[in-house]
A.B. asks: 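What follows is a structure written as C-alpha cells; I'll ask about it next.
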Amino acid sequence: MEPDPADGRDVPALDAFRRSEPAGGGPRRVLLVDDEPGAADLAATHVERLVDGVETVTRTSPADALAVVREQRVDCVVSDYNMPESDGLELLEDVRAVDPGLPFVLFTGRGSEEIASEAISAGVTDYLQKGVGRDRFEMLANSVENALDRRRVERDLRGVNAKVTAIHEFASDVAAAEDAADVLTRLVSAAERILSFDRCVSVRRHGDQLIPAARSENVSEDEVRTFDVGEGVVGATVAEERTIVVDNLSVDPSDPEELEDPNDPGRETAGRDTEAASAPADDQRRAEELADPVGDDIRSAISVPIGSYGAFQAVSDGYAAFDRSDVEFAELLAAHAADALEQIETENTLRSERDRVEALFDDLPLPVARAVASPGDTPKLDAVNDAFEAVFGLAGPELDYEAIREGIVPEGSEDVDPVPVIDAAEPLQREVERETTDGRRNFILNVLPVEQPNETIVYALYADIDEQKRVARTLRRLHETTREMLRGEDREEIASIATRAAIDILEFPSSGVRLYDPDTNTLLPTAISREATDALGERPAYGPGSGRLWEAFETGELVVVDDLDEVETAIGYGEHRSLLIVPLGDHGIMPLGSREPGVFDDTAVQLARVLGANVTVALDHAQRTAQLRERDAELQREIDRLEKFAGLVSHDLRNPLNVAAGRLALAQGKVDDEGAREELEAVAAAHDRMEELIEDLLALARHGQTVDEPEPVSLAETAARAWQTVDTGDAVLRRPDDSLAVEADPERLRTLLENLFTNSVEHGATAADAGAADHTTVTVGPLSDGFYVADDGPGFEMDPEEAVEYGISSDPSGTGFGLAIVREIAAAHGWTLTVTDDDGVRFAFRTDG
C-alpha cells in the first residue's frame with residue numbers, strides 16, 4: 001500500500017516506460033477511498049493479498065483521491081459512499097471527468113436499492129456492500145480483478161486497433177512516396193510513431209551491398225555502415241528474406257555465461273526467428289555470432305526484410321526488448337514499404353523506358369490503355385493490351401474512349417480526365433474502383449503522358465491493390481470478431497466463433513479449433529467445420545506423438561506445410577494438401593487445411609496469426625471468468641452445506657433427544673432413591689443444554705442469511721420488547737429516543753438485542769455474586785452512522801473480538817453462540833460491528849457505511 005503523503009514519507013514515483021517492457025511494466029495501481037483510515041487500509045490489505053500484481057493507494061478524502069487520479073497513474077478506484085466532503089457518486093463524476101474509462105467500484109456499508117439504482121445509473125463498474133468476514137473482501141477483490149482485467153483487455157485491444165489503423169494509414173501514405181529514399185524514411189518515422197521504436201535504421205540493397213538509407217535521430221552516423229549481403233544480422237536478414245530477433249546482442253558468443261539473462265539466471269538468451277520457437281544452442285548463438293561489433297548500450301535487436309529491397313532494423317539497450325507483437329507489426333510495416341518500393345520501381349521503370357514502352361506494350365502484365373491526343377483535340381482510344389482485355393473483358397478497334405469508360409467505371413466512382421494530365425505534362429496517380437470480369441476491384445491508376453512531336457500519347461496503367469484493401473478489411477473484421485469472442489460464455493462458444501471467423505473472414509472453409517484437455521493430455525476436436533469433416537472424416541483426440549499438431553501446441557510456433565503429399569506425417573490428413581496450424585497458447589491449436597497445395601501464402605499466414613492471437617486473448621478471458629464463477633459457486637456450496645448441517649441438527653439430533661427425554665421422565669417416576677433422582681435431574685439438565693445448543697445452531701443458520709428487504713424499525717420499541725423476553729433480574733434498561741429508527745429486519749433486530757441483553761445480564765449477575773455492583777445498567781443509544789448497546793458490567797475475561805466467535809463463552813451455562821449470532825445478524829444486514837471492553841462492554845453497529 002502506498003502511504004498518504006501527509007505522513008511525510010516519499011511517495012514512489014510512477015513506473016517509467018521502458019522499451020524492454022512494452023506494456024509499461026510495474027504493478028497495476030488501485031486507489032481506495034474511505035474517510036475511515038482503518039477501513040481503507042483493511043480493504044487495501046485484502047486487495048493486495050488476493051489480487052496478483054497490484055499495489056494500492058489509500059486516501060481518506062475525495063479531494064485527495066481526485067488529486068491522485070489527476071497527477072498519477074491509477075488503474076481502478078474503490079470508494080466508500082458516505083463521506084464528509086462528498087459522497088462516492090460525486091467522486092465518480094469527478095473521476096470520470098478526468099478519465100472517462102477508469103473502473104470505479106462503490107464499496108459501501110450503506111446498502112439500499114435507491115443507492116444501488118443511483119450507482120448503476122451513474123455508471124459504476126460494480127456496486128458492493130461492506131460486511132464482516134473475509135468473503136466480503138474476496139468479493140471486492142474479485143470485482144477489482146475483473147475491472148482491471150477488462151481495462152487491460154480493452155487497453156490492449158485499443159492499442160492493437162490503433163496500430164492496425166495507423167499501419168493502414170501508413171500503407172496509403174507510403175504509396176504516395178516519390179522515391180525509395182522517401183519510402184525508407186517514412187518507414188523509420190512510422191516505426192517510431194506507431195511502434196514506439198526509438199533507434200531504427202533502414203537499409204536498401206544495391207547489388208551485393210546494403211547501404212544505410214534512413215535512421216532515427218537517436219542513431220548516430222558512427223553506428224551505421226555499409227554491409228555485404230549475408231554479413232551480420234542485417235545481411236542475413238536480406239540474404240534469407242526472413243525476420244531475425246536477437247535477445248542479447250552485446251555478448252561474447254564463445255562464452256556461454258555471457259548468453260544468460262542477468263535478471264533471470266535460468267534463461268538462456270537466443271537469436272530467434274519467426275519460424276521457430278526454440279533452437280539448439282548452436283543455432284541460438286548464430287545471431288550473436290552474425291552481429292557486427294556494436295556499442296555497449298545495445299543488447300537486443302529486430303531485423304525485418306523489406307521484400308528483396310533491403311531491411312529494417314531496430315535496436316534497444318534492454319534485454320529481449322522485442323516481443324511477438326513487435327515482430328508482427330514491424331513485418332506489416334515492412335511489407336507495405338516493400339509494396340511501395342515495388343510500385344516506385346515499376347513507375348521508375350516506366351519513366352526511364354518510355355521509348356521502349358511502345359515495344360513492350362502488349363507484353364506488360366498490368367492492364368494498360370493507350371490514348372492519343374493531338375493539340376486541341378479530345379483524346380481518342382488507340383489500343384489496350386492483352387492484360388487489359390483479360391482483366392476488364394473489353395478490347396477491339398470498334399471500342400472508343402467513351403465505350404471503355406462506360407464499361408469499366410462504376411456509377412458514382414471517380415473518372416480521371418486525361419486532358420488536365422496532357423496540359424500539365426506530368427504523370428497522375430489515383431486510387432480508383434473499376435469493374436472487372438471478377439467484379440468490382442480496387443486499383444492504383446497511373447496516367448502517364450508521353451510527349452511526341454505532333455501529339456501526346458497517354459498511357460492509363462492499372463495496378464491491382466484489391467488484395468491490399470481486402471487485407472485491411474479483413475483485419476477490421478477480425479478485431480470486430482474479437483469483441484464477439486470476449487462476450488462468449490465458455491471455451492466451446494469461443495471456439496465456434498473462431499471457426500466461423502476462419503470460414504467467413506479468412507475464407508478457409510476447412511478449419512477448426514482443438515482445445516487442450518489436461519485430464520487426458522490431448523487436443524480435443526472442439527469446433528470442426530463441415531468442410532474439414534468431409535475432407536478428413538471424424539477425428540479423434542490427439543496427444544503426444546501426433547506430429548505437427550502436437551508440435552505446434554507444445555512449441556507455441558505456427559506450422560505451415562505447402563504440400564502434405566511430399567512430407568511424412570504421423571497422422572493422416574485425408575484429402576488435404578495444404579496445412580496451417582496456429583497455436584492458441586496453453587489452450588490448444590487452430591488447424592486450417594485445403595485440398596489444394598501451396599494455399600497459405602505470407603498474407604494468409606499473417607492474417608491467421610492475428611486471428612490466433614485474438615482467439616488466445618478471448619480464451620484467456622473466458623478462463624479467468626470461469627475461475628471466478630467457480631469461486632462464487634464454491635461459496636454458494638458452502639452456504640448450502642451449512643443449511644444442510646442445520647437441517648441435520650434439527651432433525652437427526654432432536655429425534656433421539658426427544659426419545660431420551662421421554663425415557664428419562666419414565667425413569668424419574670419409577671425411582672424413589674434420592675441419590676438416583678439427583679443423578680437423573682443432572683441428565684435432564686444435560687438434555688436442556690443440548691436443546692439450547694440445537695436452537696442456537698439453527699439460529700446461526702437462519703440469521704446469517706442476507707437481509708434483502710430491510711424496513712424502518714423503531715429501536716426504542718424493539719429494545720423494550722426484547723427486554724421483556726429476557727430474565728433481566730435487577731438490571732436496568734436505558735432506551736434511546738422514540739424517533740430513532742434503523743433499516744433492518746424486525747425479528748432479527750429483536751433477536752440481536754435479546755442476545756446482547758442476555759449477555760449483559762448474565763455477566764452482570766456473575767459480577768454481583770463476586771461482590772461487584774448490585775445491578776447492571778444496559779444502554780441502547782444512537783451513533784452518527786448507526787447505534788450501540790453498552791453495559792457497565794465487568795467486561796470480558798478474553799479478547800472482545802474472540803468473544804463473538806462460534807462456541808466462545810465465559811459463562812459455564814452458556815452455549816457460546818449468543819454473540820456469534822449477533823455477529824451473523826449484523827453481517828446479514830451489511831453492518832460493521834465493533835466490540836470494545838473498557839468500563840463495561842460496548843457493541844457499536846455502523847449501519848451507514
A.B. asks: Which atoms form the tightest heavy-atom contact between Arg204 and Ala180, and what is the distance?
C.D. replies: NH1-CB, 2.9 Å

A.B. asks: How long is the span from the CZ atom in Phe392 to the CG atom in Asp438, to the nearest 0.5 Å?
C.D. replies: 11.0 Å

A.B. asks: Is the number of heavy atoms from other residues, nucleotides or ligands under 6.0 Å of Asp602 CG greater than 12?
C.D. replies: no

A.B. asks: Is it the case that the side chain of Ser202 and the backbone of Leu184 share a donor-acceptor pair, with hydrogens and angles ignored and the cut-off at 3.5 Å?
C.D. replies: yes

A.B. asks: Check the pair Leu619 / Leu584 against side-chain contact (heavy atoms from CB on, under 4.5 Å), numbers first and verdict last.
C.D. replies: CA-CA 9 Å; Leu619 289 171; Leu584 305 177; 4.3 Å; yes

A.B. asks: If I take atom CZ from residue Phe197 and atom CZ from residue Phe312, how far apart are they, to the nearest 0.5 angstrom?
C.D. replies: 6.0 Å

A.B. asks: Does a side-chain heavy-atom distance below 4.5 Å link Pro597 with Asp562?
C.D. replies: no

A.B. asks: Could you tell me which non-hydrogen atom of Arg29 sits nearest to which non-hydrogen atom of Arg73, and how far apart they are?
C.D. replies: NH1-O, 2.7 Å

A.B. asks: Of all heavy-atom pairs between Val203 and Pro212, which one has the smallest distance, and what is that distance?
C.D. replies: CG1-CA, 3.8 Å

A.B. asks: For a side-chain contact (heavy atoms from CB on, under 4.5 Å) check, start with the C-alpha distance between Glu551 and Ile581, then their side-chain angles and the critical distance, and finish with the verdict.
C.D. replies: CA-CA 10 Å; Glu551 173 190 338; Ile581 308 172; over 6 Å; no

A.B. asks: Do Asn446 and Pro427 have side chains that get closer than 4.5 Å, going by heavy atoms?
C.D. replies: no

A.B. asks: Tell me, do Leu549 and Val559 make a side-chain contact under 4.5 Å, heavy atoms counted?
C.D. replies: no

A.B. asks: With a 3.5 Å distance limit and no angle check, can you tell me whether Thr237 reaches the backbone of Ala311 through a side-chain donor-acceptor pair?
C.D. replies: no

A.B. asks: Quick one: pull up CZ in Phe227 and CD1 in Ile211 and give me the separation to the nearest 0.5 Å.
C.D. replies: 11.0 Å

A.B. asks: Between Arg205 and Ser308, is any pair of side-chain heavy atoms under 4.5 Å apart?
C.D. replies: no

A.B. asks: When you look at CG of Asp563, are more than 12 heavy atoms from neighbouring residues, nucleotides or ligands closer to it than 6.0 Å?
C.D. replies: yes

A.B. asks: Any side-chain heavy atom of Leu366 within less than 4.5 Å of one from Tyr462?
C.D. replies: no

A.B. asks: At what distance, to the nearest 0.5 angstrom, does CG of Leu187 lie from CG of Asp182?
C.D. replies: 11.5 Å

A.B. asks: What closest approach, in Å, do Ile306 and Ala338 show between heavy atoms, and which atom pair accounts for it?
C.D. replies: CG2-N, 3.7 Å

A.B. asks: Kindly compute the distance separating CG (Leu461) from CD1 (Ile444), expressed to the nearest 0.5 Å.
C.D. replies: 11.0 Å

A.B. asks: Within the side chain of Asn218, is there an N or O that forms a donor-acceptor pair under 3.5 Å with the backbone of Asp198?
C.D. replies: yes

A.B. asks: Check Ala552 against Pro583 and note the closest heavy-atom contact, atom names and distance.
C.D. replies: O-CB, 3.6 Å

A.B. asks: Answer yes or no: does atom CG of Asp208 have more than 12 heavy-atom neighbours from other residues, nucleotides or ligands under 6.0 Å?
C.D. replies: no

A.B. asks: With the side chain counted from C-beta on, respond yes when Val605 and Leu558 share a heavy-atom pair under 4.5 Å apart, and no when they do not.
C.D. replies: yes

A.B. asks: Is it true that Glu223 and Arg199 have a side-chain N and a carboxylate O under 4.0 angstrom from each other?
C.D. replies: yes

A.B. asks: With side-chain contact (heavy atoms from CB on, under 4.5 Å) as the criterion, how do His621 and Asp149 come out once you've worked through the C-alpha distance, each side chain's angles and the decisive distance to 0.1 Å?
C.D. replies: CA-CA 8 Å; His621 179 265; Asp149 287 347; 5.6 Å; no

A.B. asks: Salt bridge or not between Glu178 and Arg186? Use side-chain N to carboxylate O under 4.0 Å.
C.D. replies: no

A.B. asks: Can you name the nearest heavy-atom pair linking Asp326 to Asp323, along with the distance?
C.D. replies: N-OD1, 2.8 Å

A.B. asks: Take Val432 and Phe443, measure what side-chain contact (heavy atoms from CB on, under 4.5 Å) needs, and give me the verdict at the end.
C.D. replies: CA-CA 5 Å; Val432 297; Phe443 293 89; 4.2 Å; yes

A.B. asks: Strictly below 4.0 Å, N to O, side chains only: are Arg151 and Asp99 in salt-bridge contact?
C.D. replies: yes

A.B. asks: Would a 4.5 Å heavy-atom cut-off, applied to side chains only, mark Phe508 and Leu607 as touching?
C.D. replies: no

A.B. asks: Measure the shortest side-chain to side-chain distance between Ser300 and Asn248 over non-hydrogen atoms and say whether it is less than 4.5 angstrom.
C.D. replies: no

A.B. asks: From Leu332 CG over to His168 NE2, what is the distance, rounded to the nearest 0.5 angstrom?
C.D. replies: 12.5 Å

A.B. asks: Is a donor on one side and an acceptor on the other found under 3.5 Å between the side chain of Gln209 and the backbone of Thr226?
C.D. replies: no

A.B. asks: Between Thr185 (side chain) and Ala181 (backbone), is there a donor-acceptor pair under 3.5 Å?
C.D. replies: yes

